[in-house]
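Below is one structure; the comments refer to it alone.
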Amino acid sequence: FIEGENQMAGYSKELIVDAFLHRFRLHNASVEKLEPMANEFYDKVGKDKFRVYASVDATVIREYKEFLKNGDSYPRWV
């Protein structure tokens, strides 16, 4: 049992995928093509396997939520 892991069950697909994309956005990388691929992959493998394959653990979620809490946000690529 890792502290914070039990809270992951309540996280939405959008939050988990956005936390994954956060690492790319921090470096001004366009996620225009990556975002639909990440969503499709999540749909294919499910939440638990996506988190493992994409390395989205409780720490990544916490860092992303802290980023949002500070009022920062990213533009949505159209």
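- Atom OG of Ser55 and atom CZ of Phe20 lie 8.5 Å apart (nearest 0.5 Å).
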Test log, rule side chain to side chain contact (heavy atoms under 4.5 Å, CB included), inputs Leu15 and Tyr64: CA-CA 9 Å; Leu15 179 68; Tyr64 177 61; 3.6 Å; yes

Chi angles and distances behind the side chain to side chain contact (heavy atoms under 4.5 Å, CB included) call for Asp43, Lys13: CA-CA 9 Å; Asp43 292 341; Lys13 170 187 172 181; 2.6 Å; yes

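- Between Asn70 and Glu66, some side-chain heavy-atom pair lies under the 4.5 Å cut-off.
- Ion pairing of Arg25 with Glu35 is present here, as a side-chain N (NZ or NE/NH1/NH2) and a carboxylate O approach within less than 4.0 Å.
- When every heavy atom of Asp57 is checked against every heavy atom of Arg51, the shortest pair comes out as CA-NH2, 4.2 Å.
- Tyr11 and Lys47 make their closest contact through O-NZ, 3.0 Å (heavy atoms, listed as atom of the first residue, atom of the second, distance).
- A distance of 11.5 Å separates CG in Leu34 from CZ in Phe41, rounded to the nearest 0.5 Å.
- The minimum heavy-atom distance between Val31 and Phe24, with the atom names listed, is CG1-CB, 3.8 Å.
- We find the CD1-NE2 distance between Ile61 and His22 to be 10.5 Å, quoted to the nearest 0.5 Å.
- Here the closest heavy-atom approach between residue Val17 and residue Ala38 is recorded as CG1-CB, 3.9 Å.
- The CG atom of Leu21 sits 7.5 Å away from atom CG of Asn39, with the distance rounded to the nearest 0.5 Å.
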